[in-house]
Amino acid sequence: MNASDVHLEPEETRVRLRYRVDGVLRIILEYPLTNHPQIVARYKILGNLKMDETRKPQDGRISHSVDEKMFDLRLSTLPTVHGEKVVMRIVDKTKKVPDLVNL
């Protein structure tokens, strides 16, 4: 879908999974809030974040390849009333910064 970032947003009874595509956040999936702590824990492990820190924001990075393309996922966790919000910014490492003429 060429998403630029992924958001996991806990609410009172569910968690919304949203992708940002062309500047618009689109709801992709909703799942029960009971599954959220395990999912957040997995991303924290992958991003080398502190597992026991849930009351302060944290930042990390996950490197991943898909079809021989390297991606960086810039991972941020933020405390909310209903649990930790996770935001992952997707950065395609194969794309180069355009020069001034092409920009």
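Numbering starts at 1 and runs along the sequence shown.
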In Å and rounded to the nearest 0.5 Å, what is the [atom1] to [atom2] distance from [X] to [Y]?
| X | Y | atom1 | atom2 | result |
| --- | --- | --- | --- | --- |
| Leu46 | Met88 | CG | CE | 9.5 Å |
| His7 | Ser76 | NE2 | OG | 10.0 Å |
| Ser4 | Asp92 | OG | CG | 12.5 Å |

Task: Same apolar cluster (I L V M F W Y, side chains within < 4.5 Å links), Tyr19/Leu29 - done: yes
Task: Residues Val87, Val6; criterion side-chain contact (heavy atoms from CB on, under 4.5 Å); working and verdict - done: CA-CA 6 Å; Val87 177; Val6 178; over 6 Å; no
Task: side chain to side chain contact (heavy atoms under 4.5 Å, CB included) partners of Val91, counting only residues at least two apart - done: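 Counting only residues at least two positions away or on another chain, Val91 forms a side chain to side chain contact (heavy atoms under 4.5 Å, CB included) with Asp72, Arg74, Arg89.
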Contact between [X] and [Y] at the side-chain level, heavy atoms closer than 4.5 Å - yes or no?
| X | Y | value |
| --- | --- | --- |
| Ile39 | Leu8 | yes |
| Val86 | Leu75 | yes |
| Leu73 | Ile90 | yes |

Task: Results of salt bridge (charged side-chain N to carboxylate O under 4.0 Å, His left out) for Asp59 - residues two or more places apart only - done: none
Hey, what else clusters with [X] if you join Ile, Leu, Val, Met, Phe, Trp, Tyr whenever side-chain heavy atoms sit under 4.5 Å?
| X | answer |
| --- | --- |
| Val81 | none |
| Ile27 | none |
| Val101 | none |

- [ ] Specify the closest pair of heavy atoms between Ser63 and Met70, including all atoms of both residues, with the distance to one decimal.
- [x]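 Looking at all heavy atoms of both residues, the closest pair is CB-CE, 4.3 Å.
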Open item on the list: Taking side chain to side chain donor-acceptor pair (under 3.5 Å) as the cut-off, I'd like each qualifying pair that reaches into residues 32-45, sequence neighbours left out, listed once.
Closed with: Tyr31-His36, Lys44-Glu84
Task: Any donor-acceptor N/O pair, Thr80 side chain to Gly83 backbone, under 3.5 Å - done: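 Checked: pair present.
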Task: Check against side-chain contact (heavy atoms from CB on, under 4.5 Å), Leu33 and Val15 - done: CA-CA 6 Å; Leu33 189 61; Val15 178; 3.6 Å; yes
- [ ] Go through Met1 and Ile28 one step at a time and tell me if the side-chain contact (heavy atoms from CB on, under 4.5 Å) criterion holds.
- [x] CA-CA 11 Å; Met1 294 179 68; Ile28 302 301; 4.0 Å; yes
- [ ] Write out all pairs satisfying salt bridge (charged side-chain N to carboxylate O under 4.0 Å, His left out) with one or both partners inside residues 11-22, taking only residues at least two apart or from two chains.
- [x] Asp5-Arg20, Glu9-Arg18, Glu11-Arg14, Glu11-Arg16, Arg14-Glu30, Arg16-Glu30
Open item on the list: List the residues meeting side chain to side chain donor-acceptor pair (under 3.5 Å) with Asp99, not counting sequence neighbours, and say none if there are none.
Closed with: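 With sequence neighbours excluded, Asp99 shows a side chain to side chain donor-acceptor pair (under 3.5 Å) to Asn102, given in chain and number order.
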Side-chain donor/acceptor pairs under 3.5 Å, residues 50-57, sequence neighbours excluded:
from	atom 1	to	atom 2	distance (Å)
Glu53	OE2	Arg55	N	3.2
Glu53	OE2	Lys56	N	3.3

